[in-house]
**Student:** 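Questions regarding the structure given below will be posed in turn.
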Amino acid sequence: MRVFKFGGASIKDADGVKKLVETLQTVGFDNTLIVVSAMGKITNALEKVIDKYYNEKAALQSAIQEVRKFHNEILLDLFPNENHVVFTKVSTLLDTLDSFFKSNKSPDYNYVYDQTICYGELVSTTIISEYFNEVGLKNSWLDVREYIKTDNYYRRANVNWEVTQEQITANFNTNTLNITQGFIGSDANNFTTTLGREGSDYTAAIFAYCLNAESVTIWKDVPGVLNADPRYFENAQLLRKISYREAIELAFYGASVIHPKTLQPLQKKEIPLYVKSFLNPEADGTKVSKGVDLDPEIPCFIVKKNQVLISLSSLDFSYIVEENISEIFNLLHLYKMKVDVIQNSAISFSVCIENNYNNLDKLLQHLKAKFRVIYNENVSLYTIRHSNDQVVKEIEKGKTVLLKQLTQVTTQLVTK
């Protein structure tokens, strides 16, 4: 059993879906599970739907219509016969989304987010499954919510591995081509949950672990794992081989090619991960596996934009000690802040965080009751693995460095 994951960029339009088929025909698809993301930027479009639901209800139907229009254009390119069953299936799914907004009683934004955002994956897999059948790739469409079970931590749910393993073992047919959704699962009450942005990679790893798969391949529009994001860095180079440990470090610091949670279940069973280009499916790409050296051994650059740097000091110039640090982390947990860097001295404590849940104002208000608080929004966090003085100086050039932290292997800079 092999697990293939295709992201939104690879299926952003009808040509992308056709290219997916070509890729499978090139590399084979026997005993294969296909995990698929939402098409193109449709997750962003669904986030706009949620925004209209909360802030501009008069524009809600228009926002939903944009989602319908986007998918309908792809359908018309793929299925010349407008009476094909796929048109009804997609329309029914989006009607169900519409009905959710009319009947929802929950004030919980995160719950509403997950019940809405999942339709990107549900629709994309429905379209692709039907197109597979149309071109002779017989397959089974699976609702991933029946297999991956989680807690109800909406927008960043935690997998219940025991129940998930039971569901996959009992219900999964490994003797056919299967297609399912990335990114989503369901809780004990069968409400939809999500695994965090870019969680489709994680979905592939969950199935691979539970199925004892021979490999996972993530198909992207880049040659493999690069040493830097080409959107922000020039002359990015392909990393041909990476150890699990190195890849986990890169993922932890925010490398966008691999989801942070993806590698851990694969490492436990030593399942190799390949990152390849769907534009050139026979190229080697990148292999992530056990105990290999970084090849080539060069600096690796990661940047996270739109971070918040908070610097705290005691009101009476007393030491920042264990009790204070414990309280700070309890507040960061309470307000669901993801911590990327910490640095402390005798009387100060700095932390760089991601304000994913828009709780910054509440957090700052709470902190100001006990600490002197200085904060900077919209800062950038640069992480350089295997750094040297020259590359660090290049990153610092033309920027104000607010925080700098060095270890033997890694340099981190927070800049404005």
**Student:** P223: which residues meet the side chain to side chain contact (heavy atoms under 4.5 Å, CB included) condition with it, sequence neighbours left out?
**Tutor:** L226, L238
**Student:** If the condition is salt bridge (charged side-chain N to carboxylate O under 4.0 Å, His left out), which residues does K370 pass it with, not counting sequence neighbours?
**Tutor:** E327
**Student:** Who passes side chain to side chain donor-acceptor pair (under 3.5 Å) against T407, sequence neighbours left out?
**Tutor:** none
**Student:** What residues, two or more places apart in sequence or in another chain, satisfy ring-ring contact (aromatic ring centres under 6.0 Å, His included) together with Y382?
**Tutor:** none
**Student:** Suppose the criterion is side chain to side chain donor-acceptor pair (under 3.5 Å): which pairs have a residue in residues 372-381, not counting sequence neighbours?
**Tutor:** none
**Student:** Name every donor-acceptor pair, under 3.5 Å, that has one atom in a side chain of residues 173-185 and the other anywhere in the protein, sequence neighbours excluded.
**Tutor:**
residue: N173; atom: OD1; partner: N175; partner atom: N; Å: 2.9
residue: N178; atom: ND2; partner: N173; partner atom: O; Å: 2.9
residue: N178; atom: ND2; partner: T176; partner atom: O; Å: 3.4
residue: T180; atom: OG1; partner: L142; partner atom: O; Å: 2.9
residue: T180; atom: OG1; partner: V144; partner atom: N; Å: 3.4
residue: Q181; atom: OE1; partner: V144; partner atom: N; Å: 2.8
residue: Q181; atom: NE2; partner: T125; partner atom: OG1; Å: 3.0
residue: Q181; atom: NE2; partner: L142; partner atom: O; Å: 3.0

**Student:** Can you list the residues that meet the salt bridge (charged side-chain N to carboxylate O under 4.0 Å, His left out) rule with E73, with sequence neighbours excluded?
**Tutor:** none
**Student:** Mind checking salt bridge (charged side-chain N to carboxylate O under 4.0 Å, His left out) for D15 and listing every partner two or more places apart, or none if nothing turns up?
**Tutor:** none
**Student:** Can you list the residues that meet the side chain to side chain donor-acceptor pair (under 3.5 Å) rule with S350, with sequence neighbours excluded?
**Tutor:** S311
**Student:** State whether K19 and E22 are salt-bridged, where the test is any N-O pair (Lys NZ or Arg NE/NH1/NH2 against Asp/Glu carboxylate O) under 4.0 Å.
**Tutor:** yes
**Student:** Please identify each residue that fulfils side chain to side chain donor-acceptor pair (under 3.5 Å) with T383, with sequence neighbours left out.
**Tutor:** Q412
**Student:** Mind checking salt bridge (charged side-chain N to carboxylate O under 4.0 Å, His left out) for D95 and listing every partner two or more places apart, or none if nothing turns up?
**Tutor:** R68
**Student:** What residue pairs, at least two apart or across chains, pass ring-ring contact (aromatic ring centres under 6.0 Å, His included) with a residue in residues 277-307?
**Tutor:** F233-F301
**Student:** Regarding K304 and D340, does a basic nitrogen lie under 4.0 Å from an acidic carboxylate oxygen?
**Tutor:** yes
